[in-house]
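Here it is: the structure, laid out below.
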Amino acid sequence: MADMQAFRDAVTRWAAGGAGAPAHDLAVQLGLRTAVLLEGPSDLEAVETLAARRGRDLASEGVCVVPMGGAMSVGRYAGLLGPPGLGLRLTGLCDEREQRFYARGLERARAPHQGFFVCVADLEDELIRALGTSRVEDIIGTEGDLRAWQTFLRQPAQHGRPRQQQLRRFLGTKKGRKIRYGRLLVETLDLEQVPAPLDNLVTSL
């Protein structure tokens with residue numbers, strides 16, 4: 001039985017120069033109609049968690065969330081999954097500073113820009129602002145990361161920085177932490193607090 005992770009793995013190999021036939025076959029088997037292009041796995045966790053909280057089953061709806069491994073890959077992935085490749089509808093999230101890469105990549109793939117929603121810094125920053133720094137620190141404590149957080153704050157580079165920036169940097173300091181908190185922050189949000197880019201993306205699917 002084909003699954004979405006198998007499709008994502010096939011797309012990753014294709015993007016790295018492998019054959020496209022496995023991804024094509026899996027897309028047909030899964031009945032895919034939409035690919036959600038995201039920079040990394042923490043964004044994937046956030047999107048899939050919000051969709052589940054809203055009672056959505058993206059896989060059964062033919063929607064696959066695809067982490068690209070960075071904004072610079074958008075042209076490659078858009079070409080493989082969009083009109084020049086598998087012909088899927090493309091949507092996703094984009095950081096404000098990366099908009100030019102997305103614009104060029106989507107233009108080459110003949111995909112509309114309107115399906116992509118822009119975060120000011122990145123999705124973690126949007127989630128921290130939505131929850132508030134005190135609530136994010138509470139989550140850090142609940143998750144057993146309080147000592148690591150306190151050690152991080154004692155670093156000279158963090159002195160005088162706004163708390164929101166400190167939290168955003170902390171989430172990226174250990175492998176796997178950003179992915180875990182991508183899910184946790186969305187699980188904690190009141191559904192009325194969801195940042196606009198994430199809210200608009202999931203609503204549009």
Open item on the list: Given 3.5 Å as the limit, does a donor-acceptor pair link the side chain of Arg135 with the main chain of Thr188, or not?
Closed with: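 Judged by distance alone, yes, a pair lies under 3.5 Å.
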- [ ] Return yes if some donor-acceptor pair links the side-chain N/O of Arg76 with the main-chain N/O of Ala15 below 3.5 Å, else return no.
- [x]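 Looks like yes, one N/O pair under 3.5 Å.
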- [ ] Would you indicate whether the side-chain heavy atoms of Gln164 and Val136 approach each other to under 4.5 Å?
- [x]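 No, every pair of side-chain atoms sits at 4.5 Å or beyond.
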- [ ] Report yes if some heavy atom in the side chain of Thr91 is under 4.5 Å from a heavy atom in the side chain of Gln114; otherwise report no.
- [x]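 The answer is no; the side chains never approach within 4.5 Å.
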TODO: Mind checking the CG-CG spacing from Leu191 to Leu50? Nearest 0.5 Å is all I need.
DONE: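 The distance works out to 6.5 Å.
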Task: From CA spacing to verdict: side-chain contact (heavy atoms from CB on, under 4.5 Å), Gln150, Ile140 - done: CA-CA 10 Å; Gln150 291 171 340; Ile140 288 171; over 6 Å; no
Open item on the list: To the closest 0.5 Å, what do you measure between CD (Glu137) and CD (Gln166)?
Closed with: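 Separation between the atoms: 8.5 Å.
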Task: Salt bridge Glu107-Arg104, side-chain N to carboxylate O under 4.0 Å - done: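 No salt bridge links Glu107 with Arg104.
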Task: Step-by-step side-chain contact (heavy atoms from CB on, under 4.5 Å) determination, Val63 to Arg33 - done: CA-CA 6 Å; Val63 177; Arg33 60 177 181 81; 3.8 Å; yes
Open item on the list: Determine whether a donor-acceptor pair (N or O, by modelled atom type, separation under 3.5 Å) exists between the side chain of Arg53 and the backbone of Val186.
Closed with: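 The answer is yes, because a donor-acceptor pair under 3.5 Å joins these two groups.
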Task: Test: Arg180 and Asp145 ion pair at under 4.0 Å - done: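 Between Asp145 and Arg180 there is a salt bridge, with a charged N closer than 4.0 Å to a carboxylate O.
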- [ ] Check whether any side-chain N or O of Glu98 sits under 3.5 Å from a backbone N or O of Asp95 as a donor-acceptor pair, and report yes or no.
- [x]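 Absent.
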- [ ] First locate atom CD1 of Ile179, then atom CG of Leu184, and finally report the distance between them rounded to the nearest 0.5 Å.
- [x]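 One gets 12.0 Å once the value is rounded to the nearest 0.5 Å.
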Open item on the list: Quick one, Ile139 and Tyr181 - any side-chain contact, counting heavy atoms below 4.5 Å?
Closed with: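 Heavy-atom side-chain distance check passes, below 4.5 Å.
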- [ ] Report yes or no: is the cationic atom of Arg169 (NZ for Lys, CZ for Arg) under 6.0 Å from the centre of the six-membered ring of Phe152, at an angle within 45° of the ring normal?
- [x]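 Relative to the ring axis of Phe152, which defines the angle, Arg169 lies outside at least one limit.
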Open item on the list: Can a donor-acceptor pair be found, under 3.5 Å and without considering hydrogens, that links the side chain of Arg13 to the backbone of Ala19?
Closed with: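 No, because the side chain of Arg13 does not come within donor-acceptor range (under 3.5 Å) of the backbone of Ala19.
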Task: Lys/Arg N to Asp/Glu carboxylate O, Glu61 vs Arg54, below 4.0 Å - done: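 Not counted as a salt bridge, because no side-chain N and carboxylate O are separated by less than 4.0 Å.
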- [ ] Apply side-chain contact (heavy atoms from CB on, under 4.5 Å) to Phe101 and Met72, showing your working.
- [x] CA-CA 7 Å; Phe101 298 113; Met72 303 297 184; 3.3 Å; yes
Task: Reported SG-to-OH distance for the pair Cys94 and Tyr102, which is rounded to 0.5 angstrom - done: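 The OH atom of Tyr102 is 5.5 Å from SG of Cys94, to the nearest 0.5 Å.
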Open item on the list: Using modelled atom types and a 3.5 Å cut-off, is there a donor and acceptor pairing between side-chain atoms of Glu126 and backbone atoms of Val120?
Closed with: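 Side chain of Glu126 to backbone of Val120, a donor-acceptor pair under 3.5 Å: yes, one is there.
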Task: Inter-residue atom distance Asn200.CG - Phe117.CZ, 0.5 Å rounding - done: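 Reported to 0.5 Å precision, the distance equals 5.5 Å.
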Task: Salt-bridge present (Asp125, Arg129; N to O < 4.0 Å) - done: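 Looking at Arg129 together with Asp125, the answer is yes, because their closest N to O distance falls below 4.0 Å.
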Open item on the list: For Glu48, run the salt bridge (Lys or Arg N to Asp or Glu O under 4.0 Å) check against Arg8, Arg56, Arg183 and tell me which one passes.
Closed with: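 Among the candidates, only Arg8 passes.
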Task: Test item: Thr49 side-chain N/O and Ala46 main-chain N/O as donor-acceptor pair under 3.5 Å - done: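 No, because the side chain of Thr49 does not come within donor-acceptor range (under 3.5 Å) of the backbone of Ala46.
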- [ ] Find the distance between CG (Leu30) and OG (Ser60) and round it off to the nearest 0.5 Å.
- [x]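 Separation between the atoms: 11.5 Å.
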